[in-house]
There are 2 protein chains.
Amino acid sequence: MVKPDSNVTIIDVAREAGVSNSTVSRVVNNSELVKPETREKVLNAMMRLGYVVNQQARSLRGGRSQVVGVLVPDVGNSYIGEIIRGIDAELAANQYDLLLYTTHRRKTKESTHVATITRGLADGLLLLLPTNVQAYMESLQAQQFPHVLIDYQAVDNKWTSTIQSTNWQGAYDATQYLIELGHRRIGYVVGLREMQCSLDRLAGYRAALADYAIPFDPALVYYGDFYLPEGYDATTTLLQASPPPTAIFAANDLSALGVMEAIRSHGLSIPNDISVIGFDDIPDAAQFHPSLTTVRQPLEDMGRLAVRTLLKRLANPDLHGERVELPTELIVRNSCKSVNHK
Amino acid sequence: MVKPDSNVTIIDVAREAGVSNSTVSRVVNNSELVKPETREKVLNAMMRLGYVVNQQARSLRGGRSQVVGVLVPDVGNSYIGEIIRGIDAELAANQYDLLLYTTHRRKTKESTHVATITRGLADGLLLLLPTNVQAYMESLQAQQFPHVLIDYQAVDNKWTSTIQSTNWQGAYDATQYLIELGHRRIGYVVGLREMQCSLDRLAGYRAALADYAIPFDPALVYYGDFYLPEGYDATTTLLQASPPPTAIFAANDLSALGVMEAIRSHGLSIPNDISVIGFDDIPDAAQFHPSLTTVRQPLEDMGRLAVRTLLKRLANPDLHGERVELPTELIVRNSCKSVNHK
DNA sequence: GTAAATTTTGGCAACGTTACCAAAAAGAGT
DNA sequence: ACTCTTTTTGGTAACGTTGCCAAAATTTAC
């Protein structure tokens, strides 16, 4: 190959191969009927000149941009990282690129980003943990722009797809597990109360208590924000309840880490004095000390599935939205202990 | 605002405002001289129709796409996450978008991605921990496509910029710290040997040993891959040296975590039996148990600086590349102990 | 050998934007 | 009022691609 100099267009290739640009276009989108001999000629010319298609022009013309926009609250958080990893893998497998936007939980950012993305930049949109859906959902639906929500309460619209895990069941399982270990005073660190998943998990927790005839005590519930420091603060508060909890259920692993830190700094030991259970099963959870018993969300799978759902919509725009719930799974490690062995 | 229906073009706005599309274009790129009165009229029309610029068309025309491509080996790794966070923040502050590509350390992926990106998709390119630079560097330089390498050995070319931290010095400091705590047998878990930063850190380690007249023992050095399990395996091997190390220096925090796990599973305690020191200071490092003494790389700053350097190049294409080294800093926490107190 | 059917190819317009140049409007100077 | 500047606006041609339709080349049928 000669110098792959920047501005090699389809026209240059056409000239080099002695055919028309239409023919080159046909070869590039290798679907059409082109005489094998001609195709060979064009392919050679492309090779010689180092031709690479210009996606901008292609997508301007009305074709696909082969880009999917992904809106996430943050990066560098392993919960989100895992989902992105799944998205990325599945996207790459289908020759799509990934345009990443972070909102930092700023609502205005969400809507401006959505506007730009839908304006030709991307073929579809993946919304992870969105917080301001109403602001743009209408526009998204009006123009039938393909989109999938991840970890968001179901939107009642036939064009919107959502991917979730069984938050209620997961929280129920975790709580039940603690109860069966003999715990009766179980603290609960809620996540962001604006998020449906927080409420679902809280409901699961309450349901399990109810099923075992354990009274619900509001003093054992603390509303946090899913981040580590709030887990710490929550625990400091919860430990003042009387009687104090013998187990704490954190709405996600990150805040569970804060919980563990706080327990230690109160001179208590895990799991001997207090059991801790998390939610998510981020990769680090197994590396905590002690390793964290938690409810596993299939994060990577959720990302992959979201992409698959989106691509299905892309391939068939008439497809209605669907709502998928992936099962959670209780992962027992070393941060919980039977209360009787104390 | 009326329905922000998809296909509002500059021409629709022009018609609505009763001016020409050129004028609308001038208002959109609000730099030109437009009569304030006219500008107002256009702005109103834009508002009414819900106009959003089509980036594709704009960048096709030859302007800027306002997108920067970022090539990373992986996501969901906090080291990379932190750098991306910095990149993202700085990019957003300058109205740029972020096209993210993951290579998963697959060399072929790197070059194909670079080819697509440079072909109109993005205005500039950020390469994080690239492993196959020679494959595309020439083409990047030939077309003078603005790019910045993060955490890669200096490339001797006036058009390439690189951002790094003081790997040698950081490793020297860490080793010196251990030596001054009385350690003489210091194991070292190298990162990927293909990466210059691994070698730089190894050199810093050796230099410190030499300065204190401690013989270098190859049995105390293990070549890993920067990931957690290798840290575990490394430690298992290193502990068989005779005499075994009293401290282990891991080339990054993630493998330090593996080191800690391994030490514990051998029934030893940190830092009483063995001291552990890491490199990076990822956010989790402070949450390890015990909290990890480590060499802090200003990861987020590295990301920000890379973007700033790139944007400078974008603004002034004649600017030569520069090579910046950001200082590391020893963060003392609880994973190291003086050997005399044993 | 010619007409008809078929395959393969080329020409041209369009996607939405911006840059350039020329035209029109407004202001300044005599 | 009439030039001469200066400001402001409009027209038009690209950017690189693809889709449509028609033209040319090829094959098939009679």
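Every chain is numbered from 1, with letters handed out A, B, ... down the list of sequences.
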Open item on the list: Checking A:Val324 against A:Leu305 for the side-chain contact (heavy atoms from CB on, under 4.5 Å) test, could you report, in this order, the C-alpha distance in whole Å, the side-chain angles of both residues, the deciding distance, and whether it holds?
Closed with: CA-CA 9 Å; A:Val324 183; A:Leu305 186 60; 3.5 Å; yes
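If you check the side chains of B:Glu322 and B:Thr309, you find no donor sitting under 3.5 Å from an acceptor. Side-chain polar atoms of B:Thr160 and B:Gln141 form a donor-acceptor pair below 3.5 angstrom.
As rounded to whole Å, 6 Å separates atom P of D:dT17 from atom CG of A:Asn54. Taking atom CD of residue B:Gln66 and atom P of nucleotide C:dG16, one finds them 20 Å apart after rounding to whole Å. Nucleotide C:dG16 holds its C1' atom 6 Å from the CG atom of A:Leu60, rounded to whole Å. Rounding to whole angstrom units, CG of residue B:Leu33 and P of D:dT9 are separated by 9 Å. Rounded to whole Å, atom C1' of C:dC15 lies 15 Å from atom CD of A:Gln55. Protein atom CD of B:Gln56 is 14 Å distant from nucleotide atom C1' of D:dT18, rounded to whole Å.
One distance of note links CD1 of A:Ile10 with CG of A:Asp12; it measures 10.0 Å at 0.5 Å rounding.
Each of B:Arg61 and B:Ser22 lies near DNA chain D, and the nucleotide nearest B:Ser22 is the one positioned closer to the 5' end. Toward the 5′ end of DNA chain D lies the nearest nucleotide of B:Thr38, the other residue of the pair A:Arg26 and B:Thr38 mapping further downstream.
Not a single donor-acceptor contact under 3.5 angstrom links the side-chain atoms of B:Ser20 to the base of D:dG11.
OP1 or OP2 of D:dT9 has not a single side-chain nitrogen or oxygen of B:Thr23 nearer than 4.0 Å. Side-chain N/O atoms of A:Ser25 include one lying less than 4.0 angstrom from OP1 or OP2 on D:dT18.
Across all strands, A:Val28 comes closer than 4.0 Å to no nucleic acid atom at all (heavy-atom distances).
When the nucleotides D:dT18, D:dG16, C:dT18 are ranked by their closest atom to the side chain of B:Arg58, C:dT18 comes out on top. Comparing C:dG10, C:dT18, D:dT17 against the side chain of B:Asn29 picks out C:dT18 as the nearest.
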